[in-house]
Each structure stands twice: as structure tokens, then as C-alpha cells.
Amino acid sequence: MACMTLCCSSSLKSAFFLFLPPADIISTVEFNHTGELLATGDKGGRVVIFQREPESKNEPYNQGEYNVYSTFQSHEPEFDYLKSLEIEEKINKIKWLPQQNAAHSLLSTNDKTIKLWKITERDKRPEGYNLKDEEGKLKDLSTVTSLQVPVLKPMDLMVEVTPRRIFANGHTYHVNSISVNSDCETYMSADDLRINLWHLAITDRSFSILYCDSLLSAHVISRA
């Protein structure tokens, strides 16, 4: 009976993935350093961030449920005209940076391009500007007869994801791994033959700390 149940379960899973759009198939997952957030990347270039539910008084030990926190498009399909090569949008790796303030940061990469993203929360908005109305448009100065101090008023929680850096053209082959350094300033990326060291503030150059192609060529020459 157990074997029959297992077979049925496998069939149901196969049927589920059969009707699942290829773009929605998850290609990578990564927890942040506290385990509060879980980021997933899929073959369609999207990143979905899940947040763990806080502990409640009724169920103080139930912290296993994660709900959608934010969703954004990280990568788009591209075409390299010099090499006549189509670059997929699929997310290969995601890495969280250690949190240093209220915002969160993560790196995501497809085969060629690494991007740095900043995730922030906003639950208050300023109101009562002197020179702008509630929609942000400039007021007629002739109607301003007094000055007031803007105040912060609560609003529905809004999660904003903004691109901070784009690290491109650093690899000839597909990027298959990234790793953030403990100094929170540098990280490494690797393809099949090369490992690059990047600074998070510099996007136009990196330092190659290992290039296996030259080592392989030397090995072949020595054997010949």
C-alpha cells in the first residue's frame, strides 16, 4: 500500500510540473543571514522574496510559515550580437548581503550579468508640504499665505525594490556561482574557467584571481 501511495504521489507531482509554465520553474533559492527572508529565482528571470511570519501569542512556537513579501523582475532575455548567442533570463544564483541598516540587499545573476538590488520598506508618507500639494505638484505661490511643518502619516506597508549596481561583461562563459565576502564590500563570481573578484561600488572592472584556461594551456604544452 505504501508503494502504491508513493507511486501516486510521484504521478501527481509529474502532472503538476507538466502543466507548470517553464518560466515559473524555480532555479535557485537562498535564505538571508537571519532566516527571516527567503529569496527564490526562476527561469523567467523573476525573484520572489518570502518573509517568515512573526511569532504570535496564540502559537508562540509556530514560525514555519512564509508569505510573499515582494516580487520583481531581475533579468530579461538578451541577445549577444557579437557572438550570435541568446542569453537566457534564468536566475542562476542569489546571494544576500549582510544587513547593515533597515534595508536589505541581494545579488542576483543570470549567465552573464550580476545585479545588486536594494529592498526597503515604507509605511509612512510626508504630508503638508508648503510648496507642493498632496499629489506632489507645485502650488501657485500666490496661494501660499503661511508656512507649516510637514508631518509623517501612516500608510499601508510598501516594499520597494530598486537596482543599485549592474556588473556586466566580466565573464566569457556562463556565471554559475557568486559568493559575498565577510568585509561586505567585495564578492566573487565564477564561471567554468574564471573566478573574478568585484568591489560592490565598482561595476566596470574586476580582478581575476584565477583563470584556468592559461593553466590548462600550460599543462597541455608541458605534456606535449
Side-chain angles (χ1 to χ4, degrees), residues 27-51 69-83 85 87-126 157-215:
S27 55
T28 183
V29 294
E30 185 76 15
F31 280 104
N32 72 336
H33 294 77
T34 63
E36 178 189 1
L37 299 176
L38 170 65
T40 67
D42 61 25
K43 290 188 174 182
R46 292 181 298 270
V47 173
V48 181
I49 302 176
F50 297 88
Q51 184 180 44
Y69 179 67
S70 179
T71 303
F72 62 97
Q73 188 71 29
S74 176
H75 288 73
E76 300 282 353
E78 303 175 27
F79 189 81
D80 189 340
Y81 292 95
L82 294 177
K83 299 180 180 179
L85 180 66
I87 302 173
E88 294 182 352
E89 65 271 33
K90 185 191 75 167
I91 306 298
N92 291 342
K93 286 291 182 180
I94 293 174
K95 286 293 180 182
W96 291 90
L97 275 66
Q99 188 176 5
Q100 297 179 314
N101 47 45
H104 298 275
S105 299
L106 63 81
L107 291 167
S108 62
T109 181
N110 65 348
D111 288 340
K112 294 296 181 183
T113 305
I114 305 167
K115 295 184 179 182
L116 173 63
W117 299 90
K118 182 179 180 181
I119 301 100
T120 56
E121 292 183 353
R122 188 152 59 95
D123 58 359
K124 295 181 177 64
R125 62 181 178 186
L157 178 64
M158 179 182 297
V159 180
E160 298 178 337
V161 181
T162 54
R164 302 295 293 175
R165 302 281 191 278
I166 297 178
F167 308 87
N169 304 321
H171 289 272
T172 304
Y173 300 95
H174 293 175
V175 180
N176 49 48
S177 180
I178 50 178
S179 179
V180 179
N181 200 348
S182 59
D183 60 8
C184 301
E185 294 182 353
T186 58
Y187 73 95
M188 291 188 297
S189 60
D191 59 25
D192 294 339
L193 297 178
R194 183 194 297 267
I195 299 176
N196 287 346
L197 178 66
W198 300 83
H199 194 283
L200 289 169
I202 303 174
T203 61
D204 59 350
R205 61 185 181 273
S206 61
F207 180 72
S208 294
I209 61 177
L210 179 62
Y211 187 38
C212 296
D213 190 32
S214 59
L215 298 178

For E160, salt bridge (charged side-chain N to carboxylate O under 4.0 Å, His left out) partners two or more places apart:
R122
Determine, stepwise, if the pair I87 / N110 fulfils side chain to side chain contact (heavy atoms under 4.5 Å, CB included).
CA-CA 8 Å; I87 302 173; N110 65 348; 3.8 Å; yes
What are the two closest non-hydrogen atoms of Y173 and D192, and how far apart are they?
CB-N, 4.4 Å
Give, for atom NE2 of H171 and atom CG of L193, the distance between the pair rounded to the nearest 0.5 Å.
11.0 Å
L37 and W96: which non-hydrogen atoms are nearest, and at how many Å?
CD1-CH2, 3.7 Å
Evaluation steps, side chain to side chain contact (heavy atoms under 4.5 Å, CB included), between L97 and L106
CA-CA 5 Å; L97 275 66; L106 63 81; 5.6 Å; no
Output the distance between atom CD1 (I195) and atom CE (M188), rounded to the nearest 0.5 Å.
6.5 Å
Can you name the nearest heavy-atom pair linking V180 to K95, along with the distance?
CG2-CB, 3.9 Å
Quick one: pull up CD in E30 and OG1 in T28 and give me the separation to the nearest 0.5 Å.
6.5 Å
Could you pull out all residues at least two apart from Q51 that satisfy side chain to side chain donor-acceptor pair (under 3.5 Å)?
E36
H75 (side chain) donor-acceptor with T113 (main chain) under 3.5 angstrom
yes
Working note: L38 + Y69, criterion side chain to side chain contact (heavy atoms under 4.5 Å, CB included); need CA distance, chi angles, decisive distance, verdict.
CA-CA 9 Å; L38 170 65; Y69 179 67; over 6 Å; no
Residues A103 and T120: closest non-hydrogen pair is CB-CG2, 3.5 Å
Nearest 0.5 Å, what's the CD-CZ distance between Q73 and R46?
6.0 Å
If we ignore hydrogens and angles and just use 3.5 Å, is the side chain of S27 paired with the main-chain N or O of G41 as donor and acceptor?
yes
Taking N32 for its side chain and G35 for its backbone only, find out whether a donor-acceptor pair lies under 3.5 Å.
yes
So how far is it from T40 OG1 to I94 CD1, rounded to the nearest 0.5 Å?
6.5 Å
Counting only heavy atoms not in N169, do more than 12 sit closer than 6.0 Å to its CG atom?
no
Tabulate below the donor-acceptor pairs under 3.5 Å that side-chain atoms of residues 199-209 make, not counting sequence neighbours, or state none.
unit_1, atom_1, unit_2, atom_2, d
H199, ND1, A201, N, 3.0
S208, OG, R194, NH1, 2.8
S208, OG, N196, OD1, 2.9

So, N92 side chain and V175 main chain: donor-acceptor pair closer than 3.5 Å or not?
yes
Tell me, please, which residues at least two apart from E89 pass salt bridge (charged side-chain N to carboxylate O under 4.0 Å, His left out).
none
Is there side-chain contact between I178 and W198, with at least one heavy-atom pair below 4.5 Å?
no
State the CD1-CZ distance between I49 and F72, to the nearest 0.5 angstrom.
5.0 Å
List for me each residue that meets salt bridge (charged side-chain N to carboxylate O under 4.0 Å, His left out) alongside D191, sequence neighbours excluded, and say none if there are none.
none
For E88, does the CD atom have more than 12 heavy-atom neighbours from other residues, nucleotides or ligands under 6.0 Å away?
no
Quick one: are I91 and S74 in side-chain contact, heavy atoms under 4.5 Å?
yes
For the residue pair W117 and S105, confirm or rule out a side-chain donor-acceptor distance under 3.5 Å.
no
How would you list all residue pairs meeting salt bridge (Lys or Arg N to Asp or Glu O under 4.0 Å) that involve residues 105-116, not counting sequence neighbours?
none
Worked verdict on F50 versus F31 for ring pair (Phe, Tyr, Trp, His ring centres under 6.0 Å):
CA-CA 9 Å; F50 297 88; F31 280 104; over 10 Å; no
